[in-house]
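Chain identifiers are assigned alphabetically (A, B, ...) following the order of the sequence lines, protein sequences preceding nucleic acid strands; residue numbering begins at 1 within each chain. These numbers come from a predicted model, not from an experiment.
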Amino acid sequence: MPELPEVETTRRSFADRIQGARVLAVRLGKPLRWPLGCAPETLVGQSVGAVARRGKYLWMPVGARGGLLLHLGMSGSLAFEATPAEPGPHAHFDLVTTSGTLRLVDPRRFGAVVWSAALDADPAARLLAGLGLEPFDPAFTGAHLHAKLRGRRVAIKQALLAGDVVVGAGNIYACEALFEAGIDPRTPAGRISRPRCERLAVAVRRILGQALELGGTTLRDFRDAHGMEGRFQRHAKVYGRAGQPCPSCATPVRRTVQGQRSTFYCPHCQRR
DNA sequence: AAGTGGACCTGCTAGC
DNA sequence: TGCTAGCAGGTCCACT
């Protein structure tokens with residue numbers, strides 16, 4: 001599910017309401033990807049700070065000594081409600097506060113909630129180390145992309161997903177950005193010219209920005225913390241559209257597999 | 001160092 | 001109707 005637009009949409013939908021609230025209780029469901037890393041009761045009585053985002057992670061300061069690093073994995077979503085329903089079978093983390101309850105619902109449990117003393121302390125630092133630039137960072141340019149991709153033989157699609165050059169584009173938006181830039185997703189990353197890197201950097205930023213404006217993509221279960229669905233899926237030009245005509249040239253969109261993930265592209269508009 | 005494949009887990013859908 | 005295979009928005013880790 002959650003690529004940068006979904007994570008940022010989620011953040012914006014509850015950050016203001018939870019900031020300054022005091023933790024009343026913590027409820028854990030089934031294990032997530034990693035253990036919480038602290039005794040839940042140590043969070044009780046602490047106040048919540050300003051929620052920030054780095055890549056697809058959220059950082060929520062709790063008390064003066066640290067905070068929680070959250071990841072939504074493939075199927076996670078966060079809900080923030082004054083009076084939450086009884087936790088269902090997939091509600092694996094509740095942070096009950098004086099302002100409401102923040103609840104992680106995650107059927108596949110690839111998501112995580114991890115205590116860390118600080119963003120620059122383990123385990124947060126370990127998880128965030130090696131992340132590439134934020135796509136809206138002015139330093140993320142065609143020149144940066146070109147320099148970071150030099151010498152790399154992996155396909156550009158996989159290089160984008162790896163997140164060590166630029167963060168935030170997952171399977172949907174990597175496909176969409178490559179379509180917009182007119183680049184075949186199988187092109188070896190290091191063989192993309194500087195001008196095409198410029199186009200790709202612009203496309204990544206534009207696609208992620210458009211998705212953010214539309215509240216992200218809801219394929220099946222994504223909701224923001226108000227329960228609202230995203231609307232980008234109506235604007236996807238290639239993702240999930242195998243066999244359907246390319247919106248630019250009407251050639252049927254193709255599906256292929258790269259690194260065990262589906263890739264969608266137009267064989268006419270996207271070139272090596 | 002960079003690239004590859006497996007692992008984690010559940011639910012849904014298409015096809016027989 | 002019921003079973004099975006295949007697929008799904010992520011990313012860490014071990015191995016070559």
salt_bridge([X], [Y]) N-O dist < 4.0 Å:
{"X": "R271(A)", "Y": "D184(A)", "answer": "no"}
{"X": "R103(A)", "Y": "E81(A)", "answer": "no"}
{"X": "E3(A)", "Y": "K56(A)", "answer": "no"}
{"X": "D164(A)", "Y": "R152(A)", "answer": "yes"}

Quiz prompt | Sequence-distant partners of F80(A), ring-ring contact (aromatic ring centres under 6.0 Å, His included), two or more places apart | solution =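 Counting only residues at least two positions away or on another chain, F80(A) forms no ring-ring contact (aromatic ring centres under 6.0 Å, His included).
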Check the interface with nucleotides 11-16 of chain B: list each N/O to N/O pair with the protein under 3.5 Å, or write none.
unit_1, atom_1, unit_2, atom_2, d
dG11(B), OP1, H90(A), NE2, 2.9

Rounded to whole Å, how long is the line connecting atom [atom1] of [X] with atom [atom2] of [N]?
{"X": "L32(A)", "N": "dC9(B)", "atom1": "CG", "atom2": "C1'", "answer": "11 Å"}
{"X": "F222(A)", "N": "dA8(C)", "atom1": "CZ", "atom2": "C1'", "answer": "16 Å"}
{"X": "R108(A)", "N": "dC9(B)", "atom1": "CZ", "atom2": "C1'", "answer": "7 Å"}
{"X": "K157(A)", "N": "dT4(B)", "atom1": "NZ", "atom2": "C1'", "answer": "15 Å"}
{"X": "R255(A)", "N": "dG6(C)", "atom1": "CZ", "atom2": "P", "answer": "12 Å"}
{"X": "Q260(A)", "N": "dT4(B)", "atom1": "CD", "atom2": "C1'", "answer": "8 Å"}

Quiz prompt | Residue H268(A) excluded, over 12 heavy atoms near NE2 under 6.0 Å | solution =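 It does not: H268(A) NE2 has 12 such atoms or fewer within range.
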Quiz item: Does atom CZ of R254(A) have more than 12 heavy-atom neighbours, drawn from other residues, nucleotides or ligands, at distances under 6.0 Å?
Solution: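 Counting other residues, nucleotides and ligands, CZ of R254(A) stays at 12 neighbours or fewer.
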Quiz item: Transitively linked via ILVMFWY side-chain contacts under 4.5 Å: L104(A) with M60(A)?
Solution: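 Yes, one cluster joins them.
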Quiz item: Within less than 4.0 Å of OP1 or OP2 of dA8(C), is there a side-chain N or O belonging to S262(A)?
Solution: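 S262(A) to dA8(C) OP1/OP2: side-chain N or O found under 4.0 Å.
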Exercise. Look at the side chain of R109(A) and the base of dC9(B), then say whether one donor and one acceptor between them are separated by less than 3.5 Å.
Key: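 Between dC9(B) and R109(A), which were checked side chain against base, a qualifying N/O pair under 3.5 Å is absent.
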Practice problem: Identify the residue among R199(A), R196(A), R206(A) that makes a salt bridge (Lys or Arg N to Asp or Glu O under 4.0 Å) with E180(A). | Solution: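 Filter result, single survivor: R206(A).
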Practice problem: Would you mind building the protein contact string for nucleotides 11-16 of chain C? One character per nucleotide, 5' to 3', B for base within reach (heavy atoms under 4.0 Å), S for sugar-phosphate only, - for untouched. | Solution: BBS---
Exercise. Return the stems involving DNA chain C, sorted by first number, where pairs are Watson-Crick (N1-N3 with N6-O4 or O6-N4) or G-U wobble (N1-O2 and O6-N3), both under 3.5 Å, and runs are 3 or more long.
Key: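 Paired runs of 3+ in DNA chain C: B:2-8 with C:10-16, B:10-16 with C:2-8.
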Quiz item: Does any N or O in the side chain of T101(A) come within less than 3.5 Å of the main-chain N or O of V96(A), such that one atom is a donor and the other an acceptor?
Solution: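 Looks like no, no N/O pair under 3.5 Å.
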Quiz prompt | Check: M228(A) main-chain N/O paired with H226(A) side-chain donor or acceptor under 3.5 Å | solution =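 No, H226(A) side chain to M228(A) backbone: no donor-acceptor pair under 3.5 Å.
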Could you list the protein-to-nucleotides 1-3 of chain B atom pairs, N/O on both sides, closer than 3.5 Å?
unit_1, atom_1, unit_2, atom_2, d
dG3(B), OP1, R153(A), N, 2.5
dG3(B), OP1, V154(A), N, 3.0

Self-check item: Closest heavy-atom pair and its distance - C266(A), C249(A)
Solution: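 Looking at all heavy atoms of both residues, the closest pair is SG-SG, 3.6 Å.
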Exercise. Would you check if F110(A) stacks with the base of dC9(B), given a 5.5 Å centroid limit and a 30° plane limit, both strict?
Key: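 Check failed, F110(A) does not stack on base of dC9(B).
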Quiz item: Taking atom P in both dC7(C) and dG5(B), what distance in whole Å separates the two?
Solution: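 Roughly 16 Å separates the two P atoms.
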Self-check item: Pair F232(A) and Y173(A), ring centroids less than 6.0 Å apart
Solution: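 Yes.
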Self-check item: Residues clustered with W34(A), ILVMFWY side-chain links under 4.5 angstrom
Solution: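 Hydrophobic cluster check, W34(A): joined to Y57(A), W59(A), L69(A), V114(A), L119(A), L127(A), L128(A), L131(A), V167(A).
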